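These notes concern the structure reproduced below.
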There are 2 protein chains.
Amino acid sequence: MRAQRDGARGVPDATVARLPVYLRVLTGLGERGVATVSSEELALAAGVGSATLRKDLSHLGSYGVRGVGYEVARLVQHVGRCLGLAEEWRVVIVGIGSLGRALANYSGFAPLGTRVVALLDSDPAVVGERVAGLEVLPSARTAEVVGELGVRIAVLAVPASAAQAACDAVVAAGITSVLSFAPVELQVPAGVELRSVDLSTELGILAFRERRRAAAAGELSPGLVAAEERVTTSAGATR
Amino acid sequence: MRAQRDGARGVPDATVARLPVYLRVLTGLGERGVATVSSEELALAAGVGSATLRKDLSHLGSYGVRGVGYEVARLVQHVGRCLGLAEEWRVVIVGIGSLGRALANYSGFAPLGTRVVALLDSDPAVVGERVAGLEVLPSARTAEVVGELGVRIAVLAVPASAAQAACDAVVAAGITSVLSFAPVELQVPAGVELRSVDLSTELGILAFRERRRAAAAGELSPGLVAAEERVTTSAGATR
DNA sequence: TCATGTGAACCAATTCACAGCA
DNA sequence: TGCTGTGAATTGGTTCACATGA
């Protein structure tokens with residue numbers, strides 16, 4: 001089930017996930033007038049190892065100069081093109097609650113070639129409102145919006161209870177890339193790319209690590225430490 | 001840089017990242033009155049393979065019954081305890097713009113043992129306002145808020161330009177877990193756990209895959225396809 | 001007779017270490 | 001000289017397949 005053909009001659013998943021980060025760092029360097037950058041410097045700024053960075057960039061072709069480094073402007077161009085920045089990826093936001101509004105007003109994704117072109121909501125009280133310069137349309141018009149505006153990506157900012165239905169609706173309309181903020185595991189047909197961002201999951205992960213730290217520092221009650229012991233199995237935790 | 005001692009005898013990072021998902025699915029099953037569940041069913045609902053699920057749970061100890069499956073209530077308890085759900089992890093949100101407000105009003109993380117207890121902002125026009133039942137306090141009081149309220153996790157919802165300073169401030173106040181929504185790479189000292197959620201990165205990843213699909217379908221202009229060829233080198237890509 | 005729990009095999013990704021080239 | 005680009009080694013994680021035990 002795992003992407004075999006990607007491995008064959010494509011770009012590894014892990015690399016793709018880092019490209020937007022590189023692009024952002026490179027853009028920042030360019031704006032500050034930096035002309036060339038070494039893999040060491042760029043890696044530090046991006047929070048990865050220099051070997052990883054060089055290998056990542058090598059997947060996109062050789063764009064550096066040995067003994068010198070990478071020309072920032074050239075690399076920005078190239079990475080940007082690989083990420084599809086030359087085209088405009090149209091996005092629809094489904095669910096115009098407080099999160100949906102925040103996302104609609106978020107200006108940060110224009111640099112990555114995506115643009116919000118439509119807003120949908122199922123609540124008649126919200127439909128018709130103007131948010132971030134766009135009129136909120138009823139969910140019933142999903143297929144029409146997706147088809148006529150050439151939308152390629154759907155962002156779901158609906159409550160957990162409505163997420164699967166909203167997801168099914170955009171998929172039925174032909175969407176093949178979905179980014180969900182709802183705290184549920186969505187089921188999508190094969191061929192649809194689903195990414196999920198979930199605040200409670202992120203906080204849960206942080207809590208797990210904090211808990212480790214607390215256990216190592218002896219801050220937990222005895223009963224809980226016993227439970228923790230089952231988890232760590234060995235003594236020497238971080239301290 | 002990477003967590004070596006965790007790897008030594010702890011729970012693998014990849015497993016930790018899935019535990020909140022399992023917990024959510026299990027909680028849902030419990031609420032629907034399901035008493036026992038097999039690894040096959042649970043894995044399907046969580047969107048992972050059954051072998052992965054069994055191995056993940058085995059890291060927490062054996063809590064299943066051979067030939068039968070897992071008792072939902074018992075497993076919810078156990079996974080919850082591992083994630084630190086028995087305690088309350090206090091959270092401060094820094095930056096009360098539209099995203100910060102949405103996060104403050106988000107009810108979905110209570111089930112994972114975290115609770116927002118303070119809101120901070122540097123803008124005098126926002127300080128003093130009440131959001132989600134809490135008064136917005138000035139950033140200058142960061143150290144005081146973190147120390148006196150026992151805050152363990154900071155959520156940064158500030159603009160990119162202010163993120164590093166905000167991060168430095170909470171770290172200086174003693175915070176060791178940071179969840180950032182700002183589109184910049186933050187630098188933190190060793191020992192501080194940083195997670196970053198970035199909308200534009202997520203959309204960039206989706207755009208990359210969409211671009212692949214478009215290239216495979218011959219939808220791109222000739223010049224762009226040439227660039228794409230450099231990247232993919234082979235034809236068929238599934239995911 | 002089941003489905004769990006787990007060694008072994010496999011695969012992807014990171015890291016090392018150095019060859020190759022401006 | 002110095003830094004990129006890349007085979008080789010290593011690490012971490014997933015998947016397989018079956019022994020284990022209710």
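All figures in this text were calculated on a predicted structure; none of them were measured in a lab. First the proteins, then the strands, lettered A, B, ... as listed; each starts at 1.
In this structure, the side-chain hydrogen bond (donor to acceptor under 3.5 Å, both in side chains) partners of A:E202, at least two apart in sequence or on a different chain, are B:R195.
Taken from CG in A:L26 to CG in A:L19, the straight-line distance is 10.5 Å, to the nearest 0.5 Å.
Atoms CD (B:E40) and C1' (D:dT15) sit 13 Å apart, rounded to a whole Å. The separation between B:H59 atom NE2 and D:dT14 atom C1' is 11 Å, rounded to whole Å. At whole-Å resolution of the value, CG in A:D56 and C1' in D:dG5 are 13 Å apart.
The two atoms that bring A:Y106 and B:P183 nearest to each other are OH-CG, 3.2 Å, heavy atoms only. Residue B:A214 comes nearest to A:R152 through the heavy atom pair CB-NH2, 4.2 Å, listed as atom of the first residue, atom of the second, then distance.
For the OP1/OP2 pair of D:dC3 and a distance below 4.0 Å, the side-chain nitrogens and oxygens of A:S38 include no atom meeting the criterion. Between A:Y70 and the phosphate of D:dG5, there is a side-chain N or O to OP1/OP2 separation shorter than 4.0 Å.
For A:G67 and B:V68, each mapped to the nucleotide of DNA chain D holding its nearest heavy atom, the one lying further toward the 5' end belongs to A:G67.
Among the atoms of the strands shown, only primed sugar atoms or phosphate atoms (P, OP1, OP2) are found under 4.0 Å from some heavy atom of A:G69. Looking at heavy-atom distances under 4.0 Å, B:G49 makes no contact with the nucleic acid at all.
Under a 3.5 Å cut-off, the side chain of B:E40 and the backbone N or O of B:S50 do not form any donor-acceptor pair.
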Where protein sits on nucleotides 6-11 of chain C, one letter per nucleotide: B base, S sugar-phosphate only, - none, heavy atoms under 4.0 Å: BBB---

